[in-house]
Engineer: 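My questions will all concern the structure given below.
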Amino acid sequence: MAKEVKITLPDNSVKSFKNGVSVGEIALSISEGLLRNSVAGKVDGVLVDLSFQINEDSSVEILTSRSEESHEILLHSTAHLMAQAIKELYPNAKIAIGPSIDNGFYYDIDIDKTFNDESLVVIEAKMKELSKLKLPIDRQEFSRDEALEYFKNIGEDYKVELISELDEDETISAYRQGDFIDLCKGPHLPSTGKIKFFKLLSTSGAYWRGDENNKMLQRIYGTAFFDKKDLKAYLQMLEEAMKRDHRKLGKELDLFSFHQEGPGFPFWHPNGMVLYNQIQEYWSDVHRKNGYKEIKTPIILNEALWHRSGHWDNYKDNMYTTTIDEHQYSVKPMNCPGHLLIYKNTMYSYRDLPLKLAEMGLVHRHEKSGVLSGLFRVRQFTQDDAHIFCTPEKVEQQIVDIINLVFEIYGVFGFEDIHIELSTKPEKKFIGSQEIWDKAESALEEALKKCDIDFQVNPGDGAFYGPKIDFHIKDSLKRSWQLGTIQLDFSMPERFELEYVGEDGSKHQPVMIHRAILGSFERFIGIIIEHFGGDFPLWLAPIQAIVLPISEKYTDYAESVKLKLLQNGIRTTIDNRSEKVGAKIRQAELNKIPVMLIVGEKEESDNAVSVRRRFKGDLGSMDLETYSQKLLIEIENKTRRSSDS
RNA sequence: GCCAUUGUAGCUCAGUUGGCCAGAGCGGCUGAUUUGUAAUCAGCGGGUCGGGGGUUCGAAUCCCUCCAAUGGCUCCA
């Protein structure tokens, strides 16, 4: 073994160190400040502790608290700190798993007491205490047998189960801080003293290994940051999210409601129905312009159809059934079978393809009671569905067209940060030949490349009948939502024996593309309520304008203003209570009405309105007709946040 | 479905260990006021305390059961 190792740093400079040098020592050699800010290292691309010793020539990167990977390490180390605190407070607790997740971490604990908000305070205090002790976090390695023995002795049954599933010859690592030791791959921070800004957020039940047949453990969620400001900003974001919760806003703005009489079945109120209809109108319009033909298929269809489509075998548990004239029927959970029947009703030539059938399809799915959640998860919803039947050669172009349409539609709502995932053939559960899958996957991939967009590949995550592209957007609070999906399907055309007459005069099987862009109207409306925080762009606002007479003397004029706007197609109401303007304005602001039109003596004599816009305040007096036209332009353009006047 | 928590007026919430006809604010209605850019004053209505059963002299409060909601788990648009 060489006495010296050559270390290549990220700037490509090469330095020599004595054999066995640690990552931390390398950091120190650059500067003391770097060591102080360093969290972990990367040796030849592999994450390691600062204490990791290097015995051969390597490239080394020092991770400071600024990198995303460092944050994950912090979260993971905080999970350990929490587990340590829990073990000190409740020695009988057994710890299961505690990983980092997006924006936080959790730890699953088996304990015969129930954690509540108070426990969180107690545990958090203990964690602070342990952090102040600045305990070194040391890595320790075991053979598999040693590890089994050790964790069996300290009674950590879940760890024993995890170890026993590892390979015989694998080296097993664990991390020790004070008296606490946890099985873990690492890496970790060098000391508990580095964990300063954290918060425990919630408790819940969680099955051991996510299997509902296993014991339910208690999970505690928390988050942590290197910087106090970042923690504060994150907690503020959570608070803001709570304020924007679509269930809360749905009540406050009188958009929709839910009732015990129909769990999971939304009731749309007049205000919410405006949102629904506006989106629907836009959707229809943009699809018409893109060559789609809109259809409507029945909600209840004979069970035999669902056997043929494969839904009965794969989806039965989520389907509602009914009996009509002693025959079995099912309420549709998807629209495809109905579309297939329409396709089969006509003989198509290759010249007729692609055939693009769109439906705002009302589907019902029986979801487990515990998963229902506002408009995000319901039992009845409207999919913005479409099925494209085309020749195999046209698939790629069709995908490109759909991708462009997706971007266009998301752009209208201000969703510009779009993340795309390509899911490929599942390992086990799939139908169709490898050749067909390869073709389908490359069609999707080529289309994505043609559009020049980045995407992430999820190997094995495709549907059993074909690969898919999923679209994820980020809302105004940077939260990610999955909306659209494009799925290539070779199985339905086969099961339903679809055909078209090709150029050669013989019959061929078309390819079916299943796609949804908004996903479901219900869910999408829930998302935009939170995205806009209830402050909708003018074209969507349930009430666009409200007329506020200064006193009852001007009620007649106010009514005529309202009538004029209504006739121009602007959704207008009036507040003719016997209140002061201040009170009326306050009420209109609370209702998030974008345009307030104040009328009194001056306005009446000039046939004008005094305009007050939300977020802008008093804009002064304007001619009624002129201003009305101005609003119409803003509505027509679907302007997101008024820039006017 | 599972674990935990919750359910009092249209909305937001008080109601201590079981004890006078169950309260407040906002909203609503009525009257006064006639108002110029985020709350005028006064009065009046409004509740099977989620449903059902039980314990008790007495239950919003304790017990059982069902329903629904919330945070998660599993699942998913």
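We name chains A, B, ... by the order of the sequence lines, and we start the count at 1 in each one.
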Engineer: For B:C41, give the paired nucleotide (Watson-Crick: N1-N3 plus N6-O4 or O6-N4; G-U: N1-O2 and O6-N3; both under 3.5 Å), or none.
Structural biologist: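 The base-pairing partner of B:C41, which may sit in any strand shown, is B:G31.
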Engineer: Determine: side-chain N/O of A:Lys248 to OP1/OP2 of B:C11, distance under 4.0 Å, yes or no.
Structural biologist: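 Answer no for this pair, as no side-chain N or O of A:Lys248 is under 4.0 Å from OP1 or OP2.
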Engineer: Output the single nucleotide from B:C67, B:A38, B:G36 whose closest atom is nearest the side chain of A:Arg586.
Structural biologist: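 The answer is B:A38.
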Engineer: When A:Arg523 is tested against each of A:Gln482, A:Arg377, A:Gln383 for side chain to side chain contact (heavy atoms under 4.5 Å, CB included), which residue passes?
Structural biologist: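 Going through A:Gln482, A:Arg377, A:Gln383 one by one, the side chain to side chain contact (heavy atoms under 4.5 Å, CB included) with A:Arg523 is satisfied by A:Gln482 alone.
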Engineer: For the C1' atoms, the ones on B:G46 and on B:G25, what distance do you get once it is rounded to whole angstrom?
Structural biologist: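 One C1' to the other, the span is 15 Å.
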Engineer: On RNA chain B, does the nearest nucleotide to A:Tyr207 precede the nearest nucleotide to A:Gly582 from the 5' side, or the other way round? Give the residue.
Structural biologist: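 This one resolves to A:Tyr207.
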Engineer: Could you work out the separation of B:U17 and B:G54 based on their P atoms and round it to a whole Å?
Structural biologist: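 It comes out at 26 Å once rounded to the nearest Å.
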Engineer: Within the structure shown, what part of the strands sits under 4.0 Å from A:Val363 by heavy-atom distance: base, sugar-phosphate, or nothing?
Structural biologist: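 Result for A:Val363 = nothing.
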Engineer: Go through the steps for A:Ile598 and A:Val581 under the test side-chain contact (heavy atoms from CB on, under 4.5 Å), then give the verdict.
Structural biologist: CA-CA 8 Å; A:Ile598 292 133; A:Val581 228; 4.0 Å; yes
Engineer: Hey, does the side chain of A:Arg247 come within less than 4.0 Å of B:U70's phosphate (OP1/OP2), counting only N and O?
Structural biologist: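 It does, given that an N or O in the side chain of A:Arg247 lies less than 4.0 Å from OP1 or OP2 of B:U70.
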Engineer: Over how many whole Å does the gap from A:Ile517 atom CD1 to B:A77 atom P extend?
Structural biologist: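 That distance rounds to 16 Å.
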Engineer: Does the pair A:Arg209/A:Glu161 count as a salt bridge with the N-to-O cut at 4.0 Å?
Structural biologist: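 Here A:Arg209 pairs with A:Glu161 in a salt bridge, since their nearest N and O are under 4.0 Å apart.
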Engineer: Across all strands shown, which nucleotide pairs with B:U17 by Watson-Crick or G-U wobble geometry, both distances under 3.5 Å?
Structural biologist: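 With both distances under 3.5 Å required, B:U17 matches none.
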Engineer: Heavy atoms only, 4.0 Å cut-off, all strands: where does A:Glu603 land among base, sugar-phosphate and nothing?
Structural biologist: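 Since a base atom lies under 4.0 Å of A:Glu603, the category is base.
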Engineer: Taking any strand in view, what nucleotide pairs with B:U56 in a Watson-Crick or G-U wobble way, both distances under 3.5 Å?
Structural biologist: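 For B:U56, the partner nucleotide comes out as none, under the 3.5 Å rule.
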Engineer: Could you give the distance separating B:G19 and B:A9 at their C1' atoms, to the nearest angstrom?
Structural biologist: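 Roughly 24 Å separates the two C1' atoms.
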Engineer: Round to a whole Å and report the spacing from CD of A:Glu552 to C1' of B:U34.
Structural biologist: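 Value for this atom pair: 7 Å.
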Engineer: Roughly, in whole Å, what's the span from CG in A:Asn591 to P in B:U37?
Structural biologist: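 About 20 Å, once rounded to whole Å.
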Engineer: Which comes earlier along RNA chain B counting from the 5' end, the contact point of A:Ile598 or that of A:Ser202, where each point is its nearest nucleotide?
Structural biologist: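 Nearest nucleotide further toward 5': that of A:Ile598.
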Engineer: Return the nucleotide paired to B:U6: Watson-Crick means purine N1 to pyrimidine N3 with N6-O4 or O6-N4, wobble means G-U with N1-O2 and O6-N3, both under 3.5 Å.
Structural biologist: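 B:A68 is the nucleotide pairing with B:U6.
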Engineer: Against the six-membered ring of A:Tyr158, is A:Lys94 placed for a cation-pi contact (under 6.0 Å from the centre, within 45° of the normal)?
Structural biologist: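 Ring-cation test returns no.
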Engineer: Less than 4.0 Å between a side-chain N and a carboxylate O, is that true for A:Asp108 and A:Arg219?
Structural biologist: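 Here A:Arg219 pairs with A:Asp108 in a salt bridge, since their nearest N and O are under 4.0 Å apart.
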Engineer: Whole angstrom is fine here: how far is it from CZ in A:Phe265 over to C1' in B:A68?
Structural biologist: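 Taking atom C1' of B:A68 as the reference, CZ of A:Phe265 is at 14 Å.
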Engineer: Ignoring hydrogens and geometry beyond distance, is the side chain of A:Arg523 in donor-acceptor contact with the base of B:A77 at under 3.5 Å?
Structural biologist: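 Side chain to base: no pair present.
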Engineer: Can you tell me if A:Ser204 touches the phosphate of B:C73, counting only side-chain N or O atoms and a distance under 4.0 Å to OP1 or OP2?
Structural biologist: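 So the side-chain polar atoms of A:Ser204 never come under 4.0 Å of the phosphate oxygens OP1 or OP2 of B:C73.
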Engineer: For A:Trp481 together with A:Phe376, are the ring centres under 6.0 Å from each other?
Structural biologist: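 They qualify: ring centres under 6.0 Å apart.
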Engineer: Under the criterion of centre distance below 5.5 Å and interplanar angle below 30°, is A:Phe381 classified as stacked on the base of B:A77?
Structural biologist: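 It does: the ring sits over the base of B:A77.
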Engineer: Taking B:G50 as the reference, what is the distance to B:A42 when you measure between their P atoms (whole Å, please)?
Structural biologist: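 Their P atoms lie roughly 32 Å apart.
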Engineer: To the nearest angstrom, how far is A:Phe258 atom CZ from B:U70 atom C1'?
Structural biologist: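 Distance check: A:Phe258 CZ to B:U70 C1' gives 14 Å.
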Engineer: Looking at A:Lys553, I'd like to know whether one of its side-chain N or O atoms comes within less than 4.0 Å of OP1 or OP2 on B:U35.
Structural biologist: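 Yes, because at least one side-chain N or O of A:Lys553 sits under 4.0 Å from OP1 or OP2 of B:U35.
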Engineer: In plain terms, say whether A:Glu239 and A:Lys243 are close enough for a salt bridge, that is, a side-chain N and a carboxylate O under 4.0 Å apart.
Structural biologist: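 Not counted as a salt bridge, because no side-chain N and carboxylate O are separated by less than 4.0 Å.
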Engineer: Under 4.0 Å between a side-chain N or O of A:Arg577 and OP1 or OP2 of B:U34?
Structural biologist: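 For B:U34, OP1/OP2 do not have a side-chain N/O of A:Arg577 under 4.0 Å.
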Engineer: Using the C1' atoms only, state how far B:C49 lies from B:C21, rounded to an integer number of Å.
Structural biologist: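 Taking atom C1' in both B:C21 and B:C49, they lie 15 Å apart.
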Engineer: If the C1' atom of B:G51 is compared with that of B:A38, how far apart are they to the nearest Å?
Structural biologist: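 After rounding to an integer number of Å, I get 42 Å for this pair.
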Engineer: Of the options B:A39, B:C75, B:G36, whose atoms approach the side-chain atoms of A:Lys602 most closely?
Structural biologist: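 Of all the options, the side chain of A:Lys602 is nearest to B:G36.
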Engineer: What is the pairing partner of B:G1, taking Watson-Crick or G-U wobble pairs with both distances under 3.5 Å in any strand?
Structural biologist: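 WC or wobble partner is B:C73.
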Engineer: Between B:G43 and B:G27, how far apart are the two P atoms, rounded to whole Å?
Structural biologist: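 Those two atoms are separated by 15 Å.
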Engineer: Whether A:Arg613 and A:Glu634 form a salt bridge (side-chain N of Lys/Arg under 4.0 Å from carboxylate O of Asp/Glu) is what I want to check.
Structural biologist: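 A salt bridge is present here (some side-chain N lies under 4.0 Å from a carboxylate O).
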Engineer: To the side chain of A:Val581, which of B:A39, B:G36, B:C75 is closest?
Structural biologist: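 Closest of the options to the side chain of A:Val581: B:G36.
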Engineer: Please report the distance, rounded to the nearest Å, between OH in A:Tyr557 and P in B:G36.
Structural biologist: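 Computing the A:Tyr557:OH to B:G36:P distance gives 18 Å.
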Engineer: To the nearest angstrom, how far is A:Asp575 atom CG from B:A39 atom P?
Structural biologist: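 Nearest whole value for this atom pair: 14 Å.
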Engineer: For B:A4 and A:Tyr221 - does any side-chain N or O of the residue sit under 4.0 Å from the phosphate oxygens OP1/OP2?
Structural biologist: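 Indeed not, no polar side-chain atom of A:Tyr221 lies that close.
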Engineer: According to a strict under-4.0 Å criterion, is A:Arg612 in side-chain N/O contact with OP1 or OP2 of B:A38?
Structural biologist: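 Indeed, a polar side-chain atom of A:Arg612 lies that close.
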Engineer: Who does B:A24 pair with, Watson-Crick or G-U, both distances under 3.5 Å?
Structural biologist: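 Partner of B:A24: B:U12.
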Engineer: Using the P atoms only, state how far B:U70 lies from B:G23, rounded to an integer number of Å.
Structural biologist: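 Going atom to atom, P in each nucleotide, I get 31 Å.
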Engineer: Of the nucleotides B:A68, B:U74, B:A38, which one has an atom closest to the side chain of A:Glu212?
Structural biologist: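 Selected nucleotide (nearest to the side chain): B:U74.
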Engineer: For A:Glu579 and B:A32, give me the distance from atom CD to atom P, rounded to whole Å.
Structural biologist: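 Roughly 15 Å, once rounded to whole Å.
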Engineer: Where the side chain of A:Met216 is concerned, which of B:G72, B:C75, B:A39 is the nearest nucleotide?
Structural biologist: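 Of B:G72, B:C75, B:A39, B:G72 is nearest to the side chain of A:Met216.
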